[in-house]
Amino acid sequence: PQIDPQLDPDQQYALSYHATLQQAETGNSPLPAMYQAPDNTLIYVRLESAGTGILIAVEPVLLQVLPKPQAHPAEIAVCTAAGGGDEVDFTLADANAQVAGSVPGLQVSYYLHYADAELGLNSLPAVYQSGSKNIWARVENSAGCFDIDVVSLNAVPEPDVALAITHCTCNGNTVDGSISATVNNGGAPFIFEWSTGIITGPGMDSTASLDSLPPGAYALTVTNAAGCTVVLETEILPSTPPQAHFSAMQIPPCDGTYSVSFTDSTAAYTDTRLWLFPGGTPASATEPEPVISYPATGIYMVTLIVSNS
């Protein structure tokens with residue numbers, strides 16, 4: 001009866017199955033509905049008119065015993081932006097080859113619950129939005145035999161990488177810039193691939209660095225164990241000495257103790273500043289706009305020393 005719809009899709013005939021051609025032609029010794037036979041057994045089906053019993057045709061039928069399919073555990077990993085949402089789109093067919101063991105001709109379907117997989121009900125869509133979890137895969141052959149195993153869905157964040165930059169110093173033509181990279185989330189082993197051609201890893205170390213760098217643009221690609229990558233770009237700048245410059249203005253009144261307001265107008269960024277006022281009060285200062293008192297008129301030396309890191 002399992003092959004009745006193949007031979008008589010419109011149900012126009014009466015069908016019976018027989019072990020030999022002669023039995024099929026005469027209509028004798030029909031086989032039972034449940035018939036045990038070895039693989040590649042040839043039997044015959046008799047098609048006769050349902051109303052008159054007149055023989056219409058006799059066709060051979062080859063009985064084949066298909067091996068039960070074997071399902072295998074599988075994993076689908078999808079990369080997500082570092083710090084992104086918990087759910088991503090999983091293309092479930094990406095696990096077909098793993099689940100079926102690369103055996104051709106098997107149908108693979110996916111289910112949220114094991115009970116659904118056993119019954120073949122409520123299969124998941126081809127693109128399934130989810131966070132990291134386990135689902136079930138059902139592998140089925142053309143005879144309806146099936147097996148079930150687990151599939152792990154993993155939403156893997158791309159590497160979260162921080163760069164620390166040290167720019168070149170201002171000492172002549174010294175080449176001493178550096179870049180240090182640190183991965184702040186899991187996913188080791190990591191591969192660090194620099195635009196200079198240097199590659200480190202794969203390894204469990206979450207840090208990598210380049211030293212003795214000249215000024216210029218640099219890029220770094222970091223890849224984690226799941227194949228998720230992130231590309232970062234940065235620049236090493238040449239540090240030039242700040243050019244000290246200041247202005248001064250005498251504050252009225254112009255008799256008695258004399259006060260002068262100084263303003264640091266150095267263009268480049270400075271980390272430290274030191275004023276020297278010999279003959280004035282105070283004799284030194286570090287603020288950008290000091291006011292200095294002088295006891296008498298005259299010419300006084302003023303020095304401003306500025307420096308960067």
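Predicted model, so just to flag it, every value in this text is computed and none were measured. Side-chain atoms are counted along with the backbone in the values below, which use heavy atoms only and exclude waters and symmetry mates.
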A.B. asks: Begin from the C-alpha positions of I179 and W194 and carry the test side chain to side chain contact (heavy atoms under 4.5 Å, CB included) through to its verdict.
C.D. replies: CA-CA 10 Å; I179 306 172; W194 301 90; 3.8 Å; yes
A.B. asks: Using a 3.5 Å distance criterion without hydrogens, assess whether the side chain of S132 forms a donor-acceptor pair with backbone atoms of A155.
C.D. replies: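 Side chain of S132 to backbone of A155: a pair is present.
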A.B. asks: Looking only at non-hydrogen atoms, find the nearest pair between V78 and F90 and report the distance.
C.D. replies: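 It is CG2-CD2, 3.4 Å.
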A.B. asks: Counting C-beta onward and ignoring hydrogens, is there a side-chain heavy-atom pair between V65 and P38 closer than 4.5 Å?
C.D. replies: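 No, their side chains stay 4.5 Å or more apart.
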A.B. asks: Just checking, is any N or O donor in the side chain of Y114 or N134 under 3.5 Å from an acceptor N or O on the other one?
C.D. replies: no
A.B. asks: Distance-only, no hydrogens or angles: does the Q98 side chain make a donor-acceptor pair with backbone N or O of E75 under 3.5 Å?
C.D. replies: yes
A.B. asks: Do any N or O atoms from the side chain of N141 and from the backbone of P67 form a donor-acceptor pair under 3.5 angstrom?
C.D. replies: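 Checking the backbone N and O of P67 against the side chain of N141, a donor-acceptor pair under 3.5 Å is found.
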A.B. asks: Heavy atoms, side chains only, cut-off 4.5 Å: are S130 and V88 in contact?
C.D. replies: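 Result no, sub-4.5 Å side-chain heavy-atom pair not found.
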A.B. asks: Looking only at non-hydrogen atoms, find the nearest pair between A100 and V108 and report the distance.
C.D. replies: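 Shortest heavy-atom contact: CB-CG2, 4.2 Å.
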A.B. asks: Where the side chain of N224 meets the backbone of P157, is there a donor-acceptor pair that is under 3.5 Å apart?
C.D. replies: yes
A.B. asks: Could you tell me whether the side chain of D147 and the main chain of Q70 form a donor-acceptor pair under 3.5 Å?
C.D. replies: no
A.B. asks: With rounding to the nearest 0.5 angstrom, report the CG to OG1 distance, D89 to T80.
C.D. replies: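 Answer for the CG-OG1 pair, D89 versus T80, is 12.0 Å.
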A.B. asks: Which of parallel (below 30°), tilted (30 to 60°) and perpendicular (above 60°) describes W275 and F246?
C.D. replies: perpendicular
A.B. asks: What closest approach, in Å, do V161 and V230 show between heavy atoms, and which atom pair accounts for it?
C.D. replies: CG2-CG1, 3.8 Å
A.B. asks: Would you mind reporting whether F277 and V260 have side-chain heavy atoms less than 4.5 Å apart?
C.D. replies: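 No, every pair of side-chain atoms sits at 4.5 Å or beyond.
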A.B. asks: Would you confirm whether Y300, through its side chain, and G280, through its main-chain N or O, come within 3.5 Å as a donor-acceptor pair?
C.D. replies: no
A.B. asks: Consider only side-chain heavy atoms of I, L, V, M, F, W and Y, link residues closer than 4.5 Å, and tell whether L163 and I198 are in one cluster.
C.D. replies: yes
A.B. asks: Do D211 and S209 touch side chain to side chain, with heavy atoms closer than 4.5 Å?
C.D. replies: yes
A.B. asks: Salt bridge (Lys or Arg N to Asp or Glu O under 4.0 Å) with E140: which residues, sequence neighbours excluded?
C.D. replies: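 Scan of E140 (salt bridge (Lys or Arg N to Asp or Glu O under 4.0 Å), adjacent residues dropped) gives R138.
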A.B. asks: Could you give all pairs that pass the salt bridge (Lys or Arg N to Asp or Glu O under 4.0 Å) test and reach residues 106-135, with sequence neighbours left out?
C.D. replies: none
A.B. asks: Taking the side chain as every heavy atom from C-beta outward, state whether L237 and P215 have any atom pair closer than 4.5 Å.
C.D. replies: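 A side-chain contact is absent here, since even the closest heavy-atom pair is not under 4.5 Å.
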A.B. asks: Let me check something: do V150 and L106 share a hydrophobic cluster, defined by ILVMFWY side-chain heavy atoms less than 4.5 Å apart, either directly or through other members?
C.D. replies: no
A.B. asks: Please confirm whether the backbone N or O of Q23 pairs with a side-chain atom of T20, one donor and one acceptor, at under 3.5 Å?
C.D. replies: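 Yes: the side chain of T20 pairs with the backbone of Q23.
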A.B. asks: State, yes or no, whether a side-chain contact exists between I76 and T91 at a heavy-atom distance under 4.5 Å.
C.D. replies: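 Side chain of I76 against side chain of T91, heavy atoms only: no contact under 4.5 Å found.
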A.B. asks: Any heavy-atom pair between the side chains of V139 and V103 that's under 4.5 Å?
C.D. replies: no
A.B. asks: When rounded to the nearest 0.5 angstrom, what distance separates CZ in R46 from CG in L55?
C.D. replies: 4.5 Å
A.B. asks: Aromatic contact between Y35 and Y17, with the criterion being ring centroids under 6.0 Å apart: yes or no?
C.D. replies: no
A.B. asks: State, to 0.1 Å, how close S212 and V175 come at their nearest heavy-atom pair, and which atoms those are.
C.D. replies: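 Between these two residues, the closest heavy atoms are O-CG1, 3.4 Å.
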A.B. asks: If we check side chain to side chain contact (heavy atoms under 4.5 Å, CB included) with W136, which of these qualifies: I148, V99, L112, V151?
C.D. replies: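 Per the side chain to side chain contact (heavy atoms under 4.5 Å, CB included) rule, the option paired with W136 is I148, out of I148, V99, L112, V151.
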A.B. asks: About how many Å separate OG of S123 and OH of Y128, when rounded to the nearest 0.5 Å?
C.D. replies: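 The OH atom of Y128 sits 12.0 Å away from the OG atom of S123.
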A.B. asks: Identify the heavy atoms of A208 and F192 that sit nearest to each other, and give their distance.
C.D. replies: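 Between these two residues, the closest heavy atoms are CB-CG, 3.6 Å.
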A.B. asks: Just checking, is any N or O donor in the side chain of T281 or S293 under 3.5 Å from an acceptor N or O on the other one?
C.D. replies: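 On atom types as modelled, these side chains do not qualify, holding no pair under 3.5 Å.
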A.B. asks: Looking at Q129, I want to see if its CD is surrounded by more than 12 non-hydrogen atoms of other residues, nucleotides or ligands under 6.0 Å.
C.D. replies: yes
A.B. asks: For the OG atom of S195 and the CG atom of L210, what is their distance to the nearest 0.5 Å?
C.D. replies: 8.0 Å
A.B. asks: Nearest 0.5 Å please: distance from the OG1 atom of T234 over to the NE2 atom of H167.
C.D. replies: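 Answer rounded to 0.5 Å: 7.0 Å.
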A.B. asks: Is the closest side-chain heavy-atom distance between F190 and S206 below 4.5 Å?
C.D. replies: yes
A.B. asks: How long is the gap from OH on Y13 to CD1 on I56, to the nearest 0.5 Å?
C.D. replies: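 With rounding to 0.5 Å, OH (Y13) is 6.0 Å from CD1 (I56).
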A.B. asks: Counting only N and O atoms by type, is there a donor-acceptor contact under 3.5 Å from the side chain of N185 to the main-chain atoms of E158?
C.D. replies: yes
A.B. asks: Hey, could you give me each pair passing salt bridge (Lys or Arg N to Asp or Glu O under 4.0 Å) that has a residue in residues 272-283? Not counting sequence neighbours.
C.D. replies: D264-R273
A.B. asks: Between S265 and H245, is there a donor-acceptor pair closer than 3.5 Å when you use the side chain of the first and the backbone of the second?
C.D. replies: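 Yes, because the side chain of S265 sits within donor-acceptor range (under 3.5 Å) of the backbone of H245.
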A.B. asks: Linking I/L/V/M/F/W/Y whenever any side-chain heavy atoms sit under 4.5 Å apart, do L232 and Y218 land together?
C.D. replies: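 Shared cluster, yes.
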A.B. asks: Might you point out which heavy atoms bring Y44 and P60 nearest each other, and give the distance in Å?
C.D. replies: CD2-CA, 3.9 Å
A.B. asks: Under a 3.5 Å distance rule, please check whether H18 uses its side chain to pair with a backbone N or O of N28 as donor and acceptor.
C.D. replies: yes
